[in-house]
Amino acid sequence: MVKVGITGGIGSGKTTVCKEWEKLGAVVVYADDLAKSLMVEDQRLASQIRDVFGDAAYRDDGNLNRRFLAEEAFSKGRVHELNKLVHPAVTKKVRELMDRAEAQGAEMFVEEAALLLKNGRPDIFDFIVIVTADKERRVEWVSQRDQTGPQEIIARMKNQQSFEELMPLCDFVLENNSTLAALKQKAADLYRKMLKLQNTGID
Ligand code: ATP
């Protein structure tokens, strides 16, 4: 099974690429979605979050109080504290899901994560892929997708790592500089290339 990590800035096209790979047979784990569900379902993590952020982090029905946590994390500068709790739980779960996909005979396992390279290159992947696109286009796409103003998106972008600096840690760069159809084609081509490389070692 080929193990792939994919990253890129907000709105660069990571999810679009992963959806194409899923169609071709990959098992994809979206780290953001996984983190959100673990924060509710993983009892150990939930109690750590309550210890650090207080019971107000959860609603009476056990669901996350997203507004409160977002305020604490982003407006009060406590995002690092939250990440320190959530990341180990996500990493552990990703490994479990990877093992399960392998046991089930998947040909490719993918983790999609904006923070994939936060602590350098993780050693569990055969290939690391980065998706890049111009900032102006990303702002336009995301504001259309999320119905949010450009200022908020630009503010979120400022919190992210500079992806140019991360390029040396990556094996493949998918430049999302044309149409959506072109990106999907590039994604399909790269999928086949990675399988071939893994199977034959020949490009
Ligand atoms: P996020 O970091 O916010 O999760 P992402 O990197 O996963 O974003 P996508 O969700 O794949 O990015 O793409 C962002 C939006 O931009 C989507 O609505 C997608 O359809 C659109 N988009 C991506 N690439 C293109 C393109 N080349 N042309 C037009 N629209 C695009």
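Remember, it's 1-based here, ligands and their atoms both numbered in the order they're listed.
With sequence neighbours excluded, the residues that form a side-chain contact (heavy atoms from CB on, under 4.5 Å) with Asp189 are Gln185, Arg192.
At least one donor-acceptor pair under 3.5 Å links the side chain of Asp126 to the backbone N or O of Lys3.
A continuous path of ILVMFWY side-chain contacts below 4.5 Å connects Leu97 to Ile128, so both sit in one hydrophobic cluster.
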Quick one: side chains of residues 53-78, donor-acceptor pairs under 3.5 Å with protein atoms, not counting sequence neighbours, listed by atom name and distance.
from	atom 1	to	atom 2	distance (Å)
Asp55	OD1	Arg50	NH1	3.3
Tyr58	OH	Met39	O	2.5
Asp61	OD1	Asn63	N	2.9
Asp61	OD2	Asn63	ND2	3.3
Asn65	OD1	Phe68	N	3.3
Asn65	ND2	Ala56	O	3.1
Glu72	OE1	Arg78	NH1	2.9
Glu72	OE2	Lys76	NZ	2.9
Arg78	NE	Glu81	OE1	3.4
Arg78	NE	Glu81	OE2	2.9
Arg78	NH2	Val52	O	3.2
Arg78	NH2	Glu81	OE1	2.9

Please tabulate, one pair per line, all N/O donor-acceptor pairs under 3.5 Å involving side-chain atoms of residues 105-114, not counting sequence neighbours.
from	atom 1	to	atom 2	distance (Å)
Glu107	OE2	Tyr191	OH	2.7
Glu112	OE2	Thr15	N	3.4
Glu112	OE2	Thr15	OG1	2.9

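Closer than 4.0 angstrom to ligand 1 lie heavy atoms from Gly9, Ile10, Gly11, Ser12, Gly13, Lys14, Thr15, Thr16, Glu112, Trp141, Arg145, Asn176, Ser178, Thr179, Leu180.
By the neighbour-count criterion of 12 heavy atoms within 6.0 Å, atom CD of Glu165 is sparsely surrounded, having that number or fewer from other residues, nucleotides or ligands.
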